[in-house]
Amino acid sequence: MANWDWYQSTVFVDCPQNSGLVGVLMKHWPDSDYAPGKNLNGYTHGGVIRRGDRILCHLCWGGQPGVNCKSTSDESPTLAAALREFGKPHNPTRVDTCVDWYESGLFDKLCAHFVSYATENRLAINQQGDWIRGEARTLYIGSKDSPVRLVLYEKTAERRSAGFSGAPEHWVRLEVRVRPKRAHRAAVSQWEPHHVLEAGWVADALMKTGYWQDLVMRSVGTVWRSSDEERARRALLKQYGAVMARWAQDVGGWDSLGKAIEQGLRPAAPTLEGAATG
């Protein structure tokens, strides 16, 4: 099951308090407080929804349009639900979703698939952690600056390194991180967590693992470069499509063209003249 793991969106109101945004956020985080916070990313004001020392949501506004709201990890679903209830238009600037498994050997299996897929489709590959000993490994597919990035990592090692000794064994997490281009942000604001798994080339990569079926590619502004083989086929059709169409007509239709091509590709039998001179 997919869950939000990062939710960041710009809400089109001028002030988080006067607009009622803060009230809705605090409703979704009971026993929380609103306090001043850092102003980030060029905004002139900042605030936080917090519970004790834990920051649940960071808000920035002023100096540019809207109020940017950000929650990460387990707090992300709460922010997504709060913005939906708030009802004002908002444009997500980053949304992550995650899927967890607890299965021995799964990391290596999925890793091999994604590396092969990335190689065939010329996607960036970045490996972090100890890949010699197979410890605390993280695989990144896609550039960090692209609209879509897939991350696969050994969650057990990550949690234990953070001091959680009770993390279950063989915990593997898949994350899909999406930074939609401006023209696609309004559509992304209506997404559920599983829709992130359909962003750009990720849908195709996931379906080919066999763990997902019937995903539909959703555009977020990414440019998917097809494999060399696919580009070669398109170039062939562009250059020789008219010749192939006439050939199909000559042999009785498109259904007969495949056989004609197969026969044409077979090595020619040596002629008597060729055998004699050989």
Side-chain angles (χ1 to χ4, degrees), residues 1-8 72-73 76-77 80 92-129 131 134 136-158 170-181 183-185 187-235:
M1 178 179 179
N3 294 295
W4 294 120
D5 195 54
W6 182 300
Y7 204 93
Q8 184 170 0
T72 62
S73 192
S76 305
T93 52
R94 175 178 169 180
V95 292
D96 298 2
T97 197
C98 64
V99 180
D100 293 318
W101 295 272
Y102 307 90
E103 181 180 331
S104 176
L106 181 62
F107 180 87
D108 292 299
K109 178 180 178 181
L110 290 178
C111 181
H113 167 77
F114 291 133
V115 168
S116 176
Y117 185 90
T119 302
E120 291 174 3
N121 292 279
R122 295 192 171 187
L123 297 167
I125 302 171
N126 187 340
Q127 295 169 304
Q128 299 292 324
W131 288 75
R137 294 169 294 174
T138 302
L139 173 69
Y140 297 88
I141 301 297
S143 167
K144 65 179 181 179
D145 298 320
S146 68
V148 178
R149 201 178 199 197
L150 184 149
V151 184
L152 182 73
Y153 63 99
E154 296 174 302
K155 186 70 173 176
T156 299
E158 185 261 351
H170 311 303
W171 185 359
V172 178
R173 171 166 287 188
L174 171 79
E175 291 181 5
V176 179
R177 302 174 179 178
V178 171
R179 300 176 185 268
K181 297 295 187 181
H184 301 274
R185 291 174 181 173
V188 173
S189 71
Q190 304 300 312
W191 283 11
E192 299 295 341
H194 66 274
H195 292 143
V196 179
L197 302 178
E198 301 178 325
W201 52 264
V202 171
D204 184 58
L206 293 182
M207 282 193 292
K208 287 180 178 177
T209 66
Y211 282 83
W212 286 269
Q213 295 179 349
D214 302 325
L215 297 180
V216 178
M217 185 183 295
R218 296 172 181 266
S219 179
V220 290
T222 185
V223 177
W224 180 26
R225 294 181 177 87
S226 58
S227 67
D228 289 344
E229 189 68 19
E230 290 170 326
R231 287 194 295 273
R233 291 170 185 171
R234 284 202 296 269

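When a residue number appears, it is its place in the shown sequence, counting from 1. Just so it is clear, the values below take in all heavy atoms, side chains as well, and ignore hydrogens, waters and symmetry mates. Only a predicted model underlies this, so the values are computations on that prediction, with no experimental measurement involved.
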Query raised in the report: Is a side-chain donor or acceptor of Glu154 paired with a backbone partner of Ala136 at a separation under 3.5 angstrom?
Result: yes
Query raised in the report: Is there a donor-acceptor contact under 3.5 Å from the side chain of Thr97 to the main chain of Asn3?
Result: yes
Query - Listed partners of Asn126 passing side-chain hydrogen bond (donor to acceptor under 3.5 Å, both in side chains), at least two apart - result: Gln128
Report summary line: With sequence neighbours left out, the residues meeting side-chain hydrogen bond (donor to acceptor under 3.5 Å, both in side chains) with Trp6 are Gln8
Does some side-chain heavy atom of [Y] sit less than 4.5 Å from a side-chain heavy atom of [X]?
X: Leu174; Y: Leu206; answer: yes
X: Asp204; Y: Tyr117; answer: yes
X: Asp96; Y: Val176; answer: no
X: Leu150; Y: Trp201; answer: yes

Once you round to the nearest 0.5 Å, how far does [atom1] of [X] lie from [atom2] of [Y]?
X: Ser116; Y: Lys208; atom1: OG; atom2: NZ; value: 9.5 Å
X: Lys181; Y: Ser146; atom1: NZ; atom2: OG; value: 8.5 Å
X: Asp5; Y: Glu175; atom1: CG; atom2: CD; value: 4.5 Å
X: Arg94; Y: Tyr7; atom1: CZ; atom2: OH; value: 13.5 Å

Query raised in the report: With sequence neighbours left out, what residues match Arg185 under side chain to side chain contact (heavy atoms under 4.5 Å, CB included)?
Result: Asn91, Pro92, Thr93, Pro180, Arg182
Mind listing the closest non-hydrogen atom pair of [X] and [Y] along with its distance?
X: Leu139; Y: Gln127; value: CD1-CG, 3.9 Å
X: Asp214; Y: Met207; value: N-SD, 3.7 Å
X: Arg179; Y: Lys144; value: NE-O, 4.4 Å
X: Ser143; Y: Ala124; value: N-CB, 3.8 Å
X: Tyr153; Y: Val151; value: CD2-CG1, 3.9 Å

Report summary line: With sequence neighbours left out, the residues meeting salt bridge (charged side-chain N to carboxylate O under 4.0 Å, His left out) with Arg149 are none
Query raised in the report: Would Phe114 and Ile125 count as a side chain to side chain contact (heavy atoms under 4.5 Å, CB included) if you check the C-alpha gap in whole Å, the side-chain angles of each, and the deciding distance to 0.1 Å?
Result: CA-CA 9 Å; Phe114 291 133; Ile125 302 171; over 6 Å; no
Review item, side-chain donor-acceptor pairs of residues 106-113, under 3.5 Å, at least two apart:
unit_1: Asp108; atom_1: OD1; unit_2: Arg137; atom_2: NH1; d: 3.0
unit_1: Asp108; atom_1: OD1; unit_2: Arg137; atom_2: NH2; d: 3.4
unit_1: His113; atom_1: NE2; unit_2: Ala205; atom_2: O; d: 2.8

Query raised in the report: Between Trp212 and Trp101, what is the ring plane arrangement, given parallel below 30°, perpendicular above 60°, and tilted in between?
Result: perpendicular
Can you give me every donor-acceptor pair (side chain of residues 192-200, partner residue at least two apart or in another chain, under 3.5 Å) with its distance?
unit_1: Glu192; atom_1: OE2; unit_2: Arg84; atom_2: NH1; d: 2.6
unit_1: His195; atom_1: ND1; unit_2: Glu192; atom_2: N; d: 2.9
unit_1: His195; atom_1: NE2; unit_2: Arg218; atom_2: NH2; d: 3.3
unit_1: Glu198; atom_1: OE1; unit_2: Arg218; atom_2: NE; d: 2.5
unit_1: Glu198; atom_1: OE1; unit_2: Arg218; atom_2: NH2; d: 3.4
unit_1: Glu198; atom_1: OE2; unit_2: Val216; atom_2: N; d: 3.1

